[in-house]
Amino acid sequence: MAENLENVDTAIEASKKVVVSREKEIGESAEHPKGPVGLDIGTSHIVMAQNKGKQVNTVKQLNAFFTIPYSKFTKKILVENDVSFYEKNNQFYILGYSAENFAKMFNANTRRTMEQGLLNAHEEEGITVLKSIINTLIKDSPRRNEVICFSVPGAPLDGPDSVVYHESIIKMHLTSLGYKPSSINEGLATVMAELANDNFTGIGISMGGGMCNICLSYLSVPIITYSIQKGGDYIDTMVGISVGEKATTIKSMKEKDFSLSSPPRDRVETALEIYYIELVRSLLKSLETTLLKTDKIPKISTPVPIVLSGGTVLPTGFKELFKKTLREVNLPINISQVKIADDPLNTTAKGAMVMALSEEI
Ligand SMILES: Nc1ncnc2c1ncn2[C@@H]1O[C@H](COP(=O)(O)OP(=O)(O)OP(=O)(O)O)[C@@H](O)[C@H]1O
Ligand SMILES: [Mg+2]
């Protein structure tokens, strides 16, 4: 049967487009997307991507919530100020970026629907909140059956695998909104967004808040995928424990102006550097062990690139740290280059959108 492969050409073209990104504004209503959608369901952020003319547009929402006690008065004020929330059991559940503002006012931490890349088993309301946060970005499918491709992590190397549960819950929700959902591994999404010029062959690594996702892809086929449940949150927690500060304080300092290419200026920066080195080392060790153990490695004669995405790769000097640590391991395939994705916080959503475009009915 002859198959129409025009969609695939459109998808390849889209993977070469620039991303124009923004944060969801408080009070801004969700969109009725036109055409296929990519959705990155991340521990820290949920990002939606759409193909728009010469560019790919992404919009981002914080994957966090905060609860405050119910009062009729507060309800009126929340509504008037366009805060996203729902009420349950005498509480208001404040969603997304609005939750961050409340947490700051209360000098407390926001709560998370996900932990280490997967649904947070310790938050009873987590699933309902996650669905509500997704609903702040997308409304139900206008045409019905619009394709949506969402990211899922690879099975964790170092923990129990509950990816099936996580994936099924999200799939059910997107189906209930009228979409035709499919999933893409987060490491493969990185490859789909960044390696068009390498025929989608190489190693995609997404280093996010909750975990790192790794995929060895050959001609867009995921050969090996896995995750390690360590990422930016792990760095924040460990540095916080080491220097006696709250993880949220460390996170803000890390995101503000931390650099891996200049000597640490104080003990927080020293600890940040130590845990960055430790994270990259354990990631590359896991890659060495996994690749040496498998019999699935294709006989690739030419060296392949490694592309790095996710918020954790953002500090200046990260690429150099990665390249230096790469020399400490012996991978059974040759690496041509290490590159940082064009827009690391939006790479997964873009890759998922590229996949959704190719699957359009
Ligand atoms: N400028 C920055 N410098 C350093 N780290 C940053 C910066 N901006 C964001 N981060 C970190 O990146 C992480 C979030 O990245 P990202 O949004 O890619 O994660 P995610 O996709 O939500 O999570 P995951 O993929 O692990 O489920 C957080 O740990 C955050 O602190
Ligand atoms: Mg991610």
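When reading the values below, keep in mind they use all heavy atoms of this one structure, side chains included, and skip hydrogens, waters and symmetry mates. As the structure lists them, so they are numbered: ligands from 1, and atoms in each ligand from 1.
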Can the ring centres of Phe106 and Phe66 be said to be less than 6.0 Å apart?
-> yes
Verify the ring-centre separation between Tyr93 and Phe85: is it less than 6.0 angstrom?
-> no
Salt-bridge present ([X], [Y]; N to O < 4.0 Å):
| X | Y | value |
| --- | --- | --- |
| Asp236 | Lys246 | no |
| Arg281 | Glu328 | yes |
| Lys75 | Glu87 | yes |
| Lys139 | Glu31 | no |
| Lys251 | Glu255 | yes |
| Glu278 | Lys230 | yes |
| Arg111 | Glu125 | no |

Every N, O or S from the protein that is nearer than 2.8 Å to the Mg ion (ligand 2) = Glu186 OE2
What residue and atom, counting heavy atoms only, is the protein's closest point to [atom], and at what distance?
| atom | answer |
| --- | --- |
| atom 17 (O) of ligand 1 | His45 ND1, 2.9 Å |
| atom 25 (O) of ligand 1 | Glu186 OE2, 3.3 Å |
| atom 31 (O) of ligand 1 | Glu255 OE2, 2.6 Å |
| atom 16 (P) of ligand 1 | Gly311 N, 3.8 Å |
| atom 22 (O) of ligand 1 | Ser44 N, 2.7 Å |
| atom 8 (N) of ligand 1 | Leu314 CD1, 3.5 Å |

With sequence neighbours left out, what residues match Thr289 under side-chain contact (heavy atoms from CB on, under 4.5 Å)?
-> none
Return a yes/no value for [X]: is any of its N or O atoms, backbone included, closer than 3.5 angstrom to an N or O of ligand 1?
| X | answer |
| --- | --- |
| Gly209 | yes |
| Gly210 | yes |
| Thr43 | yes |

